[in-house]
K.L.:
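Take a look at this one; I'll ask things after.
We're numbering straight along the sequence, starting at 1.
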Amino acid sequence: MARSWSLLLLPFALALVASVAQAAVVEYTFNVGNLSISQLCQQEMIITAVNGQLPGPTIVATEGDTVVVHMVNESPYNMTIHWHGIFQRGTPWADGPAMVTQCPVRPGGNYTYRFNVTGQEGTLWWHSHFSFLRATVYGALIIKPRGGAKAYPFPAPDEEVVVILGEWWKTNVYDLQQRSLVTGNPAPHADAYTINGKPGDFYNCSAPNQTHKFELKQNKTYMLRIINAALNTPLFFKVANHSFTVVAADACYTKPYKTDVVVISPGQTVDALLVPEAGVAAAVGGRYYMAVIPYNSAVNAADPSFLYSLSNSTAIVEYGGGPATSPPMVPDMPEYNDTATAHRFLSNMTALVPNRVPLAVDTHMFVTVSMGDTFCGPEQTMCMPDDKGTIFASSMNNASFILPNTTSMLEAMYKGSIDGVYTRDFPDTPPIVFDYTADASDNNATLKHTFKSTKVKTLKYNSTVQMVLQNTRLVSKESHPMHLHGFNFFVLAQGFGNYNETTDPAKFNLIDPQERNTVAVPTGGWSVIRFVADNPGVWFMHCHFDAHLEFGLGMVFEVQNGPTPETSLPPPPSDLPQC
């Protein structure tokens with residue numbers, strides 16, 4: 001019997017060996033430096049970019065591969081790279097957020113990021129995690145299935161197209177961030193939006209070379225890998241005379257979801273099959289605008305960081321094989337404040353197959369996500385307070401996060417020397433219970449005021465965490481894209497108003513909830529997420545609006561070591577940058 005079983009299992013064993021043998025080391029060199037670019041009435045603008053490209057190079061790997069990126073900092077600024085959505089199991093030193101998992105790489109320095117992409121497939125991305133430099137330092141990170149396109153759980157597309165959405169400022173973004181820091185006032189909104197680095201046809205001084213063109217073929221199926229790399233803006237995304245079938249979000253497969261608009265917050269990704277209307281794909285020379293506009297979720301204008309540029313960026317989708325037949329057709333876009341459309345898209349997706357959602361919860365957290373104010377601190381050397389003597393701030397459970405400045409948090413954890421770096425007292429609940437989304441709360445100075453700190457929540461290895469993320473009306477109601485490093489989480493439910501711990505758990509999807517690394521908490525509402533803390537290290541959780549992260553909308557999870565060397569924090573690499 002044993003012999004027959006071994007014969008039966010032999011093909012599977014050979015397949016496993018072959019799969020392991022096919023895993024490769026994918027290696028890149030990122031030279032980060034100055035790039036001169038002409039755009040939007042400017043003859044020359046110096047930006048920071050990777051390998052002289054905007055967007056930067058696309059990393060392509062296959063599930064199970066090891067990715068190695070040699071980052072050489074030839075820019076005049078400190079630099080780190082974050083691999084957004086990569087779990088970094090066993091490689092927490094490669095995660096990238098400055099002063100959380102590493103000290104930044106100084107000008108003239110270098111650092112090699114090395115990580116594995118086992119158990120992940122789909123569209124992720126990479127970006128700078130220092131200052132506002134990710135405005136131009138970003139690119140796609142594509143993980144293909146080990147079995148190739150045939151392994152997709154949907155009909156394989158003929159071609160795949162990367163679409164990266166961004167923002168553009170006509171001034172130096174590092175200088176903007178520094179002025180915001182020293183004055184305590186939010187930086188101005190972007191001057192334009194971009195598609196693959198270009199603003200499109202509808203801005204002043206737009207030129208043909210400033211509009212990206214996607215040249216498609218008739219009767220072919222295309223999958224768009226859509227990434228929102230914008231610093232501060234959720235976006236509505238459409239293509240005239242086309243619809244979409246969404247098949248994945250944040251590198252997690254979804255049940256096919258048909259829609260004519262994609263809603264995508266900063267940090268999120270969406271994989272969608274492009275579906276032309278009848279006759280479109282057969283129209284030789286047909287031209288259609290791809291367009292994005294901001295989703296303005298803020299209920300009022302009291303939050304100055306949320307005054308978007310109410311403009312649109314475009315690219316052109318063109319079916320080749322003949323001369324252009326006409327000017328591109330323009331899509332009908334939603335209203336800027338169409339929260340109903342945004343919520344419908346963001347809350348209706350479900351996982352392709354049932355998820356193994358942990359049912360027993362070890363740690364319950366209720367966390368407010370708020371705007372507010374604080375007093376000028378030592379960083380505000382040119383402080384410009386309002387008439388109440390305060391400056392803009394943001395917080396989670398009224399703790400406004402500030403990064404350490406002498407040692408990274410991961411190094412402090414590894415050395416067991418956290419004094420002066422961080423404290424282990426991030427609260428599980430807000431200090432004051434109030435009507436979180438009521439308009440009257442905006443008038444309560446006590447509720448709005450916060451203090452700076454570097455607090456973490458310590459978790460036991462392999463514990464299950466449930467977090468209610470509750471938006472508040474303090475200053476304004478608005479949708480916050482909350483990103484968790486080192487993990488995916490299950491989005492169990494979302495809603496508007498105040499979360500009700502008695503009635504809202506009945507709404508939990510414990511069968512096939514969408515799995516993400518970034519959730520857009522509804523404006524004036526809440527999201528419930530759940531994850532297993534099985535990845536030792538320190539993991540940043542923060543709003544992916546840099547205007548809000550800059551003022552403290554973040555916290556850190558410290559996940560303790562497991563019982564084995566494989567489940568414990570590894571030593572740092574020899575070239576880890578020093579502060």
K.L.:
Rounded to the nearest 0.5 Å, how far does CG of Leu231 lie from CG of Leu176?
P.N.:
10.0 Å

K.L.:
In the structure I gave you, are the side-chain heavy atoms of His544 and Ser265 within less than 4.5 Å of one another anywhere?
P.N.:
no

K.L.:
According to side chain to side chain donor-acceptor pair (under 3.5 Å), who are the partners of Thr458, at least two apart in sequence or on a separate chain?
P.N.:
Glu558

K.L.:
Would you indicate whether Arg89, at its atom CZ, is surrounded by more than 12 heavy atoms from other residues, nucleotides or ligands within a distance under 6.0 Å?
P.N.:
yes

K.L.:
For the pair Trp126 and Val50, evaluate side-chain contact (heavy atoms from CB on, under 4.5 Å) and give the outcome as yes or no after the intermediate values.
P.N.:
CA-CA 11 Å; Trp126 57 265; Val50 174; 3.7 Å; yes

K.L.:
Check for a donor-acceptor pair, side chain of Ser394 on one end and backbone N or O of Leu553 on the other, with a separation under 3.5 Å.
P.N.:
yes

K.L.:
Please step through side-chain contact (heavy atoms from CB on, under 4.5 Å) for the pair Trp168 and Leu54, ending with a clear verdict.
P.N.:
CA-CA 11 Å; Trp168 179 262; Leu54 179 68; 3.9 Å; yes

K.L.:
How about Asn397 and Lys455: do any of their side-chain heavy atoms sit closer than 4.5 Å?
P.N.:
no

K.L.:
Test side-chain contact (heavy atoms from CB on, under 4.5 Å) on Lys415 and Thr407; report intermediate values, then the result.
P.N.:
CA-CA 11 Å; Lys415 292 179 177 179; Thr407 304; 5.9 Å; no

K.L.:
State, with a plain yes or no, whether a side-chain heavy atom of Ile142 is found less than 4.5 Å away from one of Thr123.
P.N.:
yes

K.L.:
For Asp95 and Thr101, indicate whether the former's side chain and the latter's backbone hold a donor-acceptor pair under 3.5 Å.
P.N.:
no

K.L.:
Run through His82, His485, His548, His480 and flag the one making a ring-ring contact (aromatic ring centres under 6.0 Å, His included) with His542.
P.N.:
His485

K.L.:
Just to verify, what does Asp175 make a salt bridge (charged side-chain N to carboxylate O under 4.0 Å, His left out) with, not counting sequence neighbours?
P.N.:
none

K.L.:
Among Tyr174, Phe132, Phe130, which one satisfies ring-ring contact (aromatic ring centres under 6.0 Å, His included) with Tyr77?
P.N.:
Tyr174

K.L.:
Please name the pair of heavy atoms, one in Asn232 and one in Pro234, separated by the smallest distance, quoted to 0.1 Å.
P.N.:
O-CD, 3.9 Å

K.L.:
To the nearest 0.5 Å, how far apart are CE in Met99 and OG1 in Thr454?
P.N.:
10.0 Å

K.L.:
If every non-hydrogen atom of Ile164 is compared with every non-hydrogen atom of Ala140, which pair is closest and at what distance?
P.N.:
CD1-N, 3.8 Å

K.L.:
For the residue pair Lys144 and Thr62, confirm or rule out a side-chain donor-acceptor distance under 3.5 Å.
P.N.:
no

K.L.:
Give the minimum heavy-atom separation between Asn228 and Ile264, together with the two atoms involved.
P.N.:
ND2-O, 2.8 Å

K.L.:
Is the backbone of Thr518 close enough, under 3.5 Å, to the side chain of Asp250 for a donor and an acceptor to pair up by distance?
P.N.:
yes

K.L.:
Check whether any side-chain heavy atom of Phe401 sits under 4.5 Å from a side-chain heavy atom of Phe540, and report yes or no.
P.N.:
yes

K.L.:
To the nearest 0.5 angstrom, please state how far the CZ atom of Arg473 sits from the OG atom of Ser370.
P.N.:
12.0 Å

K.L.:
Can you tell me how far apart CG (Leu181) and CE (Met382) are? Round to the nearest 0.5 Å.
P.N.:
11.5 Å

K.L.:
For His84 together with His129, are the ring centres under 6.0 Å from each other?
P.N.:
no

K.L.:
Would you say the side chain of Trp125 lies within less than 4.5 Å of the side chain of Arg134, judging by non-hydrogen atoms?
P.N.:
yes

K.L.:
Identify the two heavy atoms, one from Pro522 and one from Ser527, that lie closest to each other, and give their separation to 0.1 Å.
P.N.:
CD-OG, 3.3 Å

K.L.:
Does Ser36 have any side chain to side chain donor-acceptor pair (under 3.5 Å) partners at least two apart in sequence or in another chain, and if so, which?
P.N.:
Glu44

K.L.:
Do Glu478 side-chain atoms and Asn471 backbone N/O form a donor-acceptor pair below 3.5 Å?
P.N.:
no

K.L.:
Kindly write out the residues that satisfy disulfide (SG to SG under 2.5 Å) with Cys103, not counting sequence neighbours, or none if the list is empty.
P.N.:
Cys579

K.L.:
Applying side-chain contact (heavy atoms from CB on, under 4.5 Å), run through Trp539 and Gln88 and close with a yes or a no.
P.N.:
CA-CA 10 Å; Trp539 304 107; Gln88 300 292 359; 3.9 Å; yes

K.L.:
Closer than 3.5 angstrom, by distance alone: can the side chain of Asn196 be matched with the main-chain N or O of Val162 as a donor-acceptor pair?
P.N.:
yes

K.L.:
Mind checking side-chain contact (heavy atoms from CB on, under 4.5 Å) for Asn405 and listing every partner two or more places apart, or none if nothing turns up?
P.N.:
none

K.L.:
Closest approach of Cys376 and Ile391, non-hydrogen atoms and distance?
P.N.:
SG-CG2, 3.7 Å

K.L.:
I'd like to check Val60 versus Val26 (side-chain heavy atoms, cut-off strictly below 4.5 Å). Are they in contact?
P.N.:
no

K.L.:
For the side chain of Arg146 and the backbone of Glu63, is there at least one donor-acceptor N/O pair under 3.5 Å apart?
P.N.:
yes

K.L.:
With sequence neighbours excluded, give me every disulfide (SG to SG under 2.5 Å) pair touching residues 52-87.
P.N.:
none

K.L.:
For the OG atom of Ser479 and the CG atom of Asn296, what is their distance to the nearest 0.5 Å?
P.N.:
11.0 Å

K.L.:
Within the distance-only criterion (no hydrogens, no angle test), does the side chain of Trp169 pair as donor or acceptor with the backbone N or O of Ala192 below 3.5 angstrom?
P.N.:
no

K.L.:
List the atom of Ser400, the atom of Ala393, and the distance in Å for their closest heavy-atom pair.
P.N.:
OG-CB, 4.4 Å

K.L.:
Do Phe487 and Ile529 have side chains that approach each other closer than 4.5 Å (heavy atoms only, starting at C-beta)?
P.N.:
no

K.L.:
Quick one: which residue pairs count as a ring pair (Phe, Tyr, Trp, His ring centres under 6.0 Å) with a foot in residues 556-579, not counting sequence neighbours?
P.N.:
Phe531-Phe557

K.L.:
With sequence neighbours excluded, what pairs up with Thr269 under the side chain to side chain donor-acceptor pair (under 3.5 Å) test?
P.N.:
none

K.L.:
Donor-acceptor pair, Tyr422 side chain versus Val456 backbone, under 3.5 Å?
P.N.:
no

K.L.:
Do NZ/NE/NH1/NH2 and the carboxylate oxygens of Asp362 and Lys460 come within less than 4.0 Å?
P.N.:
no

K.L.:
Hey, are Ser180 and Gln177 close enough side-chain-wise for a donor-acceptor pair under 3.5 Å?
P.N.:
no

K.L.:
Would you mind listing every ring pair (Phe, Tyr, Trp, His ring centres under 6.0 Å) that reaches into residues 85-108, with sequence neighbours excluded?
P.N.:
Trp93-Tyr414

K.L.:
Under a 3.5 Å cutoff, is there a donor and acceptor pairing between the side chains of Thr80 and Gln102?
P.N.:
no

K.L.:
Taking only residues two or more places apart in sequence or in another chain, which ones pass side chain to side chain donor-acceptor pair (under 3.5 Å) with Asp425?
P.N.:
Thr423

K.L.:
Could you name each residue pair satisfying ring pair (Phe, Tyr, Trp, His ring centres under 6.0 Å) that touches residues 364-387, not counting sequence neighbours?
P.N.:
Phe366-Tyr436, Phe375-His449

K.L.:
Between Thr183 (side chain only) and Asn185 (backbone N and O only), is there a donor and an acceptor less than 3.5 Å apart?
P.N.:
yes

K.L.:
Under 3.5 Å, side chain of Asn462 to main-chain N/O of Asp534, donor-acceptor pair present?
P.N.:
no

K.L.:
For residues 374-385, which residue pairs pass the side-chain hydrogen bond (donor to acceptor under 3.5 Å, both in side chains) check, not counting sequence neighbours?
P.N.:
none

K.L.:
Report yes if the side chains of Met541 and Phe426 come closer than 4.5 Å at any heavy-atom pair, otherwise no.
P.N.:
no

